[in-house]
Amino acid sequence: MEEKSVTPTSLVFAVNGNRFELSKPDPSTTLLHFLRSQTPFKSVKLGCAEGGCGACVVLISKYDPVLDKVEDFTASSCLTLLCSIHGCSITTSEGIGNSKDGFHPIHERFAGFHASQCGFCTPGMCVSLFGTLVNAEKTNGPEPPPGFSKVSAAEAEKAIAGNLCRCTGYRPIADACKSFAADVDMEDLGFNSFWRKGDSKDLKLSKLPQYDSNQKNSKFPMFLKEIKHDNVFLASEKHTWHSPTSLKELQSLLKLNHAIGTQIKLLVSNTGMGYYKDNEGYDKYIDLRGISELSTIKKDQTGLEIGAAVAISKAVEALKEARRSDVLSEFVMILDKIADHMNKVASGFIRNTASVGGNLVMAQKNHFPSDIATILLAVDTMVHIMTGIQFEWITLEEFLERAPLSFDSVLLSIKIPSLALTKSKSSEQISRFLFETYRASPRPLGNALAYLNAAFLVEVSPCKDSGGTIIDNCRLSFGAYGIKHAIRAKNVEEILAGKPLTVSILYEAVKLLTTTIVPEDGTSKDAYRSSLAAAFLFQFFSPLIDSSAKITHGHLNGHTCVPSMRDFELKENHKQVHLDKIPTLLSSGKQVIEAGSEYHPVGAPIVKSGAALQASEPFWIHPNVTVIAGETVYVDDIPSPTNCLYGAYIYSEKPLARIRSIKLRPELQLDGVRDIISIKDIPNGGENIGSKSIFGSEPLFAENIARCVGDRLALVVADTQKLADMAANSAIVDYDIENIESPILSVEEAVERSSFFEVPPFLSPKHVGDISKGMAEADHRILSAKMKLGSQYYFYLETQTALAVPDEDNCIVVYSSSQCPEFAHSTVARCLGIPENNVRIITRRVGGGYGGKAMKAVSTAVSCAVAAHKLSRPVRIYLNRKTDMIMAGGRHPMKIIYSIGFKNDGKITALELQILVDAGIYVDVSAIMPRNIIGALKKYDWGALSFDIKVCRTNRPSRSAMRGPGEVQGSFIAEAVIENVAASLLMDVDLVRSINLHTHKSLQSFYEGASGEPHEYTLPSVWHKLAVSANFEQRVELVKEFNKINTWKKRGISRVPAVYQLTLRPTPGKVSIFSDGSVIVEVGGIELGQGLWTKVKQMAAFALSAIQCDGTRDLVDKVRVVQSDTVSLIQGGFTAGSTTSESSCEAVRLSCNILVERLRPLKEKLQNEMGSIKWESLILQAYMQAVNLSASAFYVPNNDSTSYLNYGAAVSEVEIDLLTGETRFLQTDIVYDCGQSLNPAVDLGQIEGAFVQGLGFFMLEEYETNGDGLVLADGTWNYKIPTLDTIPQQFNVQIINSGHHQHRVLSSKASGEPPLLLAASIHCATRAAVKESRKQVNSWNKRNSNDETDSTFELEVPATMPVVKELSGLDIVQRYLEWKIGNK
């Protein structure tokens, strides 16, 4: 096949119905890049470039001319190559619905259920749900009632199981999705803007934005049906794309490639790029999807054959198709279980495109930890391979053990053989096959690699003599645990085969297995992974041993299991498919709010502000849904100006080293790389400053010496972001460590070398009481107890980004995603050496911040400005996820040593602390940490409190503020101390907590100046309300009962309080009224998703309504809040600390008061003349009479209103699995004091979102580094934030209205950060469950059954699955079996 003789075809496709035809597309271009750079459809976002977040999801529609039908499936556009969509129609969120053509009910319901905060992830969520609804309507299910879809509530929830959200906590998103399901319980749907409490089901349904299941917004374009897919050949200047339709064509291409030695890439969907990043370019791309042998599925009596190019989701459908058979044979049940396991691989939008063959080839060539390889290995799968013109069938086992496939070898198909071919010849007719698959991973529904996966196929028959079970034959496969590929444990198979199953035999098998499944050196959690193998084997076989074991509905002691032989006597045509092991989500919750009407519309739960357009039938106000639809503009959505360049950082990979030189590979120097910006490019008169705070500054670029991993060395500037990233990744840095002292990489080393940051006196917290006296009064003391707390990454969906545009007169405009534009403004000016009036920073909104877009965002803006200033061209940066994670720093890790004195009754008399905080290399805002730590820790009455907190300077990336910085750690330290006291006294921990809660008198001594009046101390009433609303005491007893009767599952329950000290800061505001009566508001605060703009709109409407003319009650519709502009509104400060919304509201109220005073004389005059006056008429008259209708104010809180305390409490209940360490979050109940909430809907979202982010810190998120400080968790593959399947299944929140607080802004209180502290309740509940498991394990060893010191163990943070399992005992299976053997 000669390439030169083939005429290149054009690439034709549609996006939202618009035709695109490209003559020379670059085959390496992704669909996401094309959509964002070449179309106006910017709702698709770049969140990870790994297929792991869902921000870029689109719907792909493809026409099948043979069947004359359109196939619709969701996909990650960040991995989908543009050339692969020839003839396809692409639908983005804007294509589902938009402001011009009308919004889709999905958008309107997301808005009405308050299911969006920062909004960055929301369009991807909407498309994921849309794809599920579209495909549900194609099924043969019963027609749903009007307004509903055929989708079930469980399916609707799972539609977004692979999408990440860092803001909301997922509960309202799940409700929005479930509202489309015909089987939804309307009472179960949470708080929304559509209906009032008490409305009937019919009334509720009538108020929902109506969904018409027969109308699909995106019609498949007719012109695409005529596109031919045969022999597609696309060519750019350097690369070609081929789509062969036969094996012969493929052989010709491979043969030609062998002759000329070009770089080729064989692909089906390119999803592998999400794991194995392509750093090298390819000359030729060969798309295998058009070859029928690779794309067909065949089933006959010999088995099921699946083409290698078949998508995983299609394979799942084929495997489950057999379920519809009248006769459910053992083979059918095995296929069904394989399908269920495959449904836990990746996420839906990846399974829709990723191929079965591609997964296996990655496992064979690259040692990818594949689930599919493991489960297929257990069923003796065969694979069909083509090498050159030779074809062969070999076993999957042989395939995995071979050398990596050569360039001319192609996997064609796999075949799962029928059980008739597998059955042992010696077995009797009565034998049966048992099959089960297992995986332990951080996320139950998938979208996470497994710590270990396994699959067991066992042939068993009854033993005539003993009545037990004989194992005739077995295949035990294990994978994903730190070896090259999945393997069979043949030595274990051998000792089991042919033997009757007994406890002793199983014990021997388990012991042998733990020496067989041994991860390679360097594998993380190696002992845990080995322990899982024993757990899975035990879980499979134990039900077959003890005929007296209670087995009900396929469960033994709370564990899913295979049936015993007695239960396995299956009658023909009545065989039962196993229970689906994928957890049915159906998360739910109750929300109780107290909306105020005194300051209408302030206090109303109106939908979060997103734009000016409205949807239909609201409760309080028409929901604004442009955020949901994806039409809102973030920094990276701003179209690139002409001649725009793109930047990427070269950062240090050494913690302390001299930089001799930085070089790029020669080919990159000539191909679109324009410059390398470094310290030498700082203009004369400028400073090498990347960010600054009142505590100090940090350099923009390293000055000769890099001082930490991630230190900025230079900025590569290139024609495209892709090229800039490639150049930065391949940069060659020459390091020199000669004559340089060793780096400080731990807080202990910092202490040894006296490397500390100074804490200003005004931020140094005060000791309370006499520590010596308190210790002397104690009946008991715990001395020098130790604990450690790790870090946490922000994981905003939008990474650090900025765009700098040179302007006239030596000025520069920078668009920055920043929480503190004012800081960026002054830093840019200092770095460039220009006056501040030559700099303008614009921030419209931020796609998630959590503190990470405060100081850390400044250097990104400054870097762009320096490059743009030097090159006189616009320059933009959008950090890739890996770079962002390496440089971010995140939450402060710390080491704590404490001594505690306490009475016999649990009353604490003294607490003494030594805390070492790892601040990293630059001070950032780390000086606030001592005050914040102690502020939250003081929530209990410690009697006397003394502390020594050192802020350590280490050669690690500088840490910065992260949601509740210091407070989260301080509050948790307090809980750890309380837990230790209770354990030492063998007292109930909740009683110890209650005994040590503050009285108002003790509160005054601990929180001097912030304690407020006695009636404002609401924690005691919150504590009591929570006990009642959560049925705490009854549930404590139920947990005890559960733990008595369950061996392998244990539950824990815990109630935890939070006291949070908040501080208001000076904040500007500006209000202007146009001649038509519409209002523009500017504030210093930045909209991060926390609803600041919404509250500000409400406040402006309330304050202006004081003019008391007709029409002012609906003023909120006329108010628009606009972007932050440091030239228009100065002294904006920073958006942090949870109080910026209320400070901004107060600044706006003051501005409005000025306007009202200016308008009042005119209004009174017109009223006297006309009797009444409309708002619009009043404003028009004011314009004509030259009344100044623009006013600004600068709110400066006085001493009485600067600081106050916030209170909340939570009860959480969890269940741990002793075999895997998995923790299920069963229920969380929160009672939270918001004062008089400015907007209960917004505050509810903040409470839920903060709590779930805290859950991530305490239970899931491991921000690990190597010894040099280089982040190992550098993407979605290895850093796991909470997902829909890892939030509390029942999530109840009550916001109480605690009355008037005269020194608060309209009596309101903040909600952004304090609720995060309450997530410690999950960790404490897990500790309680672990305590029960340890007590049980000790009871199996009689000598240790009275070991009282066992209860004083430390549960690490985060309490991940390996941590929980290790504390329960990695050898728990062996100890249990030994106990069973000893008791016989």
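Taking the centre and axis of the six-membered ring of Y1279, the NZ or CZ atom of R881 falls outside the cone set by 45° and 6.0 Å.
With no hydrogens or angles considered, a side-chain donor-acceptor pair links Q1246 and Q117 at under 3.5 Å. Donor-acceptor pairing under 3.5 Å is recorded for the side chains of S640 and Y646. A side-chain donor-acceptor contact under 3.5 Å links Y1060 and E967. Inspection of the R1065 and T1140 side chains reveals an N or O donor paired with an N or O acceptor under 3.5 Å. At a cut-off of 3.5 Å, with distance as the only test, no side-chain donor of E836 or S826 sits close to an acceptor on the other residue. Side-chain polar atoms of S1124 and E1082 form no donor-acceptor pair below 3.5 angstrom. Y815 and D636 share no side-chain donor-acceptor pair at under 3.5 Å. Using a 3.5 Å distance cut-off with no hydrogens or angles, the side chains of D924 and S958 do not pair a donor with an acceptor. Side-chain contact of H892 with S791: a donor-acceptor pair under 3.5 Å is absent, judged by distance alone. For E749 and S746, the side-chain atoms include at least one donor-acceptor pair closer than 3.5 Å.
Between E1087 and R845 there is no salt bridge, since no side-chain nitrogen of the basic residue lies less than 4.0 Å from a carboxylate oxygen of the acidic one. Ionic pairing of D807 and R840 is not present here: no N-O contact between side-chain nitrogen and carboxylate oxygen is shorter than 4.0 angstrom. A salt bridge links K45 to D637: at least one charged side-chain nitrogen sits closer than 4.0 Å to a carboxylate oxygen. A salt bridge links R166 and E1261; the closest N-O separation between the charged side-chain nitrogens and carboxylate oxygens is under 4.0 Å. A salt bridge links E50 with K277; the closest basic N to acidic carboxylate O contact falls under 4.0 Å. Classification of E687 and K692 as a salt-bridged pair fails, no side-chain N sitting under 4.0 Å from a carboxylate O.
Taking the side chain as every heavy atom from C-beta outward, S859 and R712 approach each other to under 4.5 Å.
Distance CZ/R876 to CD1/I638: 6.5 Å, rounded to 0.5 Å. With values rounded to the nearest 0.5 angstrom, R674 atom CZ is found 13.5 Å from K870 atom NZ.
Checking side-chain atoms of N955 against main-chain N and O of I744 turns up a donor-acceptor pair under 3.5 Å. Side chain of N838 to main chain of I834: no donor-acceptor pair is present (N/O by atom type, distance under 3.5 Å, no hydrogens or angles). Put simply, the side chain of K853 gets close to the backbone of G848: a donor and an acceptor are under 3.5 Å apart. Panel note: side chain E703, backbone P699; no donor-acceptor pair is recorded below 3.5 Å.
Pairing each heavy atom of Y793 with each of D884, the nearest pair is OH-OD1, 2.7 Å. When all heavy atoms of P655 and P743 are compared, the closest pair comes out as CG-CG, 3.8 Å.
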Derivation and outcome, side chain to side chain contact (heavy atoms under 4.5 Å, CB included), residues Y649 and S863: CA-CA 9 Å; Y649 287 120; S863 299; 2.6 Å; yes
Verdict with supporting geometry, S817 and Q800, side chain to side chain donor-acceptor pair (under 3.5 Å): CA-CA 7 Å; S817 181; Q800 300 287 2; over 6 Å; no
